[in-house]
Amino acid sequence: MIHHQVLVVGGGLAGLRAAIEAHDMGADVAVVSMVYPMRSHSGAAQGGINAPLANHPSGRDDNPEKHGYDTAKGSDFLGDQDAIMIMTTEAAARIYELEHWGCPFSRYEDGRIAQRPFGGADFPRTCYAADRTGHYILHTLYEQAVKRRIEMYNEHMVQSLAVNDGRCYGFVALNIATGELVPFQGSAVIFGTGGVGRIYGHSTNAIINSGTGIGICYQAGVNVEDMEFIQYHPTSLWGTNILITEGARGEGGYLVNNKGERFMEKYAPKAMELAPRDIVARAIQTEIDEGRGFENEYVNLELMHLGKEKVLEALPGIHDLALNFAGVDATKEPIPIQPGQHYTMGGIESNVDGETSIEGVYAAGECACVSVHGGNRLGGNSLLDTIVFGKRAGEKAAKDVAGTRASESAAAAVEKAMTSVQRKLKAIEDKRGKEKHGILREELRQNMFDRVGIFRDKAPMQEGLAKVKELQERYRDCALNSDTKRFNIDLYRYLELGAMLDLAEVIALGALTREESRGSHYRRDFPDRDDANWLKHTIAAWTPQGPKLSFKLVNVSKWQPVERKY
Ligand SMILES: Cc1cc2nc3c(=O)[nH]c(=O)nc-3n(C[C@H](O)[C@H](O)[C@H](O)COP(=O)(O)OP(=O)(O)OC[C@H]3O[C@@H](n4cnc5c(N)ncnc54)[C@H](O)[C@@H]3O)c2cc1C
């Protein structure tokens, strides 16, 4: 049995930052990741990372308080304000740390880190490395982890937590390369497993973002929070839904309908294209639904007026993506875009130190709900969330495990989990069903996008929830096509789908229950925000009959909610 005091699940930004911190605090730590760390979705992040450095040449002052207020307002006041202030107060230190570790941020001529405007922010505070920010930060953190000789178990998919009497002792992972089950024992398990984007059709997310980390925790009895809040990014490439960063609008890009109008004038006269994502995504979808889109499916993003030099310098990745995936030269022609699922605001219920409802389980990054993003995340705040709360979770876990070592009782709990996963896999191997999990997955994604999507309504959501339950039934009747041990994609896609269906149920039920509109959760039948009844977080706990919902008050310690105007 493998033993490390701290086991970090996930090799993205949150996982690596947590591992580095736990290591530096003296813990014996390892990273266990489904993919090689550099292939984590963090590497796809484009536009940038927020911090109130006040470097922008406009000379305007910026500070954690202003960043905090923009974040709370952007969250439609569902974000916990104590947690938000921790994030914005620690932001600058985390950015300078990355700089000192060698992250090649874009800079002004005087050498300071450059900052661009982003949606919902009253100040240009998004630091960036061209339009490949996530790629550069991920490399920086990976180098730091390698330098510290932190052990990594790559291509290991965590399956099941070993929980006994309300405490976690480790987990069982499937070695994808060999097909073997591997038992891991540890006193702290930190999840940095990313979002559930792939539950939805039209997603900007990597195929690995199936949310199994959140699913495993939920199925083991850890609470999940605010899962109904799913972010739709306004600008994904028409057809493929590859992300076109908000940085494109930050650099001055326009959104234009088939009448040639910059339609954001009607929806957010002041902020225009740089209103928060929920507002811009709904505006675009409304233009398309009311016949002012192109081919009833997209509107145009224009960068031509910025000039070739600026596009190639500030947005080289976007220029390449548009050229390679839409055949469009963005310096000469508009880019066809449509909204796409983008981010999971909810996740594993965690506090500002990553602790969850089960002792020994911690979470940080997109899989966690701290909650700093509330009903709607501002662009550039997620990368920040991963490094601020990743560090804090690593620090807390290391303190909690000081002096612990492998124990027989912990090993027994992991052995028990091992036996149960072995049994489960054997049953899957022996199954002779008629359903195909690939087909169920596509039906699920279509169902969620169509019925629990950008615009929501009671009747379609009820149908959507019923469809998820139908899919859960049919899932029991799935058989595998391949019994190979090595890289059995058939098997792990099947395993992912089980967690995805359970989380889809939580999302649909939460969305049906929340009878108001807030942030990304927009109900046509309840179009207003209802602070009197719904200024609260949705908590879901797993039961054999389905999710059990309860509610938790929002921390409103600094700013009273006001109507959002942009
Ligand atoms: C295209 C795109 C562009 C973005 N651009 C920006 C941006 O410019 N600014 C910004 O702030 N945010 C951006 N975001 C959001 C941001 O990138 C993510 O929220 C953030 O990087 C998530 O980091 P993470 O470490 O939490 O998870 P991830 O980077 O998703 O990493 C998850 C890790 O968990 C592992 N894992 C998952 N399940 C298991 C399992 N069962 N067992 C073992 N390992 C597992 C995976 O192998 C992976 O290593 C963007 C997102 C996308 C999709």
Side-chain angles (χ1 to χ4, degrees), residues 7-19 31-51 116 118-119 126-129 131-135 137-138 141-142 152-161 171-176 184 189-198 203-206 208-217 231 233 235-237 241-247 250 277 317 321 340-345 347-348 363-368 373 377-387 389-390 393 492 495-496 499:
L7 296 166
V8 176
V9 188
L13 294 182
L16 291 178
R17 189 63 192 82
V31 174
V32 181
S33 177
M34 196 154 88
V35 298
Y36 187 71
M38 231 93 82
R39 299 188 67 87
S40 305
H41 188 65
S42 289
Q46 302 173 346
I49 176 165
N50 296 339
R116 58 166 54 126
F118 246 47
T126 305
C127 312
Y128 58 95
D131 55 1
R132 301 185 179 108
T133 313
H135 172 88
I137 302 179
L138 191 58
L141 290 188
Y142 186 66
M152 311 233 178
Y153 299 86
N154 298 328
E155 291 175 330
H156 280 62
M157 180 184 181
V158 174
Q159 290 299 317
S160 182
L161 288 179
F171 51 74
V172 179
L174 175 70
N175 180 335
I176 297 171
F184 284 87
V189 177
I190 305 178
F191 277 82
T193 46
V196 302
R198 283 273 151 179
S203 175
T204 66
N205 281 201
I208 51 166
N209 288 13
S210 55
T212 51
I214 306 175
I216 292 160
C217 287
Q231 178 163 85
H233 197 288
T235 58
S236 73
L237 208 54
N241 298 107
I242 294 170
L243 185 76
I244 301 296
T245 175
E246 191 163 300
R277 291 176 174 178
L321 287 174
Q341 184 288 337
H342 185 59
Y343 185 79
T344 312
M345 262 83 71
I348 302 162
E366 189 170 340
C367 71
H373 310 301
R377 167 177 76 84
L378 293 187
N381 266 353
S382 170
L383 293 182
L384 180 62
D385 167 4
T386 64
I387 54 170
F389 293 106
Y492 73 79
L495 293 168
E496 281 176 347

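Small disclaimer: the values here were computed from a predicted structure and weren't measured. Just follow the structure's listing: the first ligand is 1, and inside any ligand the first atom is 1.
- For ligand 1, one of its N or O atoms has an N or O atom of Val158 under 3.5 Å away.
- Once rounded to the nearest 0.5 Å, the distance linking CG of Leu16 with CE of Met152 reads 5.5 Å.
- In this structure, Gly134 falls outside the shell of residues with a heavy atom less than 4.0 angstrom from ligand 1.
- Backbone and side-chain nitrogen or oxygen atoms of Ile208 are examined, and none is located within less than 3.5 angstrom of a nitrogen or oxygen of ligand 1.
- Protein heavy atom at the shortest distance from atom 3 (C) of ligand 1 is Leu243 CD2, 3.2 Å.
- Ligand 1 lies less than 4.0 angstrom from a heavy atom belonging to Val9.
- Pairing each heavy atom of Thr245 with each of Phe118, the nearest pair is OG1-CZ, 4.0 Å.
- Considering Ala45, Gly47, Gly48 only, the shortest heavy-atom separation from atom 9 (N) of ligand 1 involves Gly48.
- Nearest-heavy-atom check against atom 50 (C) of ligand 1 across Glu366, Gln46, His342 picks out His342.
- Taking only nitrogen or oxygen atoms, main chain and side chain alike, Gly10 does not reach within less than 3.5 Å of ligand 1.
- Taking distance alone, with nitrogen or oxygen atoms compared against 3.5 Å, Leu13 approaches ligand 1 more closely than that limit.
- Within the 4.0 Å heavy-atom cutoff, Glu246 does not count among the residues contacting ligand 1.
- Counting heavy atoms from C-beta on, the side chains of Pro37 and Asn154 come closer than 4.5 Å.
- Remark: of the listed residues Val8, Leu161, Ile214, Leu161 is the sole one forming a side chain to side chain contact (heavy atoms under 4.5 Å, CB included) with Phe191.
- Where the criterion is an N or O separation shorter than 3.5 Å, residue side chain and backbone included, Cys367 fails it with respect to ligand 1.
- From Thr126, atom OG1 reaches atom CG of Asn381 across 8.0 Å, with rounding to the nearest 0.5 Å.
- Residue nearest to atom 44 (N) of ligand 1, selected from Met34, Arg377, Met38: Met34 (by heavy-atom distance).
- Ser382 OG to His342 NE2: the interatomic distance, rounded to the nearest 0.5 Å, is 7.5 Å.
- In this pair, Phe184 and His156 present their aromatic rings perpendicular. The plane angle is above 60°, beyond the 30 to 60° band.
- Inter-residue side-chain proximity for Leu495 and Thr212 is flagged as unmet; no heavy-atom pair is nearer than 4.5 Å.
- The heavy atom nearest to atom 43 (C) of ligand 1, out of those in Gln159, His41, His156, is found in His156.
- For a threshold of 3.5 Å applied to N or O pairs, the pair formed by Tyr343 and ligand 1 contains no separation below that value.
- Those atoms of ligand 1 with a heavy atom of Gly11 less than 4.0 angstrom away are 33 (C), 48 (C), 49 (O).
- Distances from ligand 1 to the non-hydrogen atoms of Arg39 include no value under 4.0 Å.
- Annotation for Gln46 and Thr133: closest pair O-OG1, 2.7 Å, computed over non-hydrogen atoms.
- Atom CG of Asp385 and atom CD1 of Ile49 lie 9.5 Å apart (nearest 0.5 Å).
- Across all non-hydrogen atoms, the minimal contact from Leu321 to Ile242 is CD1-CG2, 3.8 Å.
- Ligand 1 is approached by Asn381 to a heavy-atom distance shorter than 4.0 Å.
- Atoms CD and CG, on Glu155 and Leu174 in that order, are 11.0 Å from each other to the nearest 0.5 Å.
- The Gly365 neighbourhood of ligand 1 comprises atoms 26 (O), with distances under 4.0 Å to a heavy atom of that residue.
- When only interatomic distances are considered, the shortest N/O to N/O separation between Leu383 and ligand 1 falls below 3.5 Å.
- Pairing each heavy atom of Glu366 with each of Asn205, the nearest pair is OE2-OD1, 4.5 Å.
- Interatomic distance, CE of Met345 versus CZ of Arg377, reported as 8.0 Å (0.5 Å rounding).
- Residue Asn205 has at least one heavy-atom neighbour below 4.0 Å for each of these atoms of ligand 1: 53 (C).
- Within the 4.0 Å heavy-atom criterion, both parts of Val35, backbone and side chain, lie near ligand 1.
- The shortest heavy-atom distance from Ser33 to ligand 1 is under 4.0 Å.
- Between Thr386 and ligand 1 there is a heavy-atom distance shorter than 4.0 Å.
- In terms of N/O distances under 3.5 Å, ligand 1 is not approached by Pro37.
- Among all protein heavy atoms, the one lying closest to atom 23 (O) of ligand 1 is Ser42 OG, 3.0 Å.
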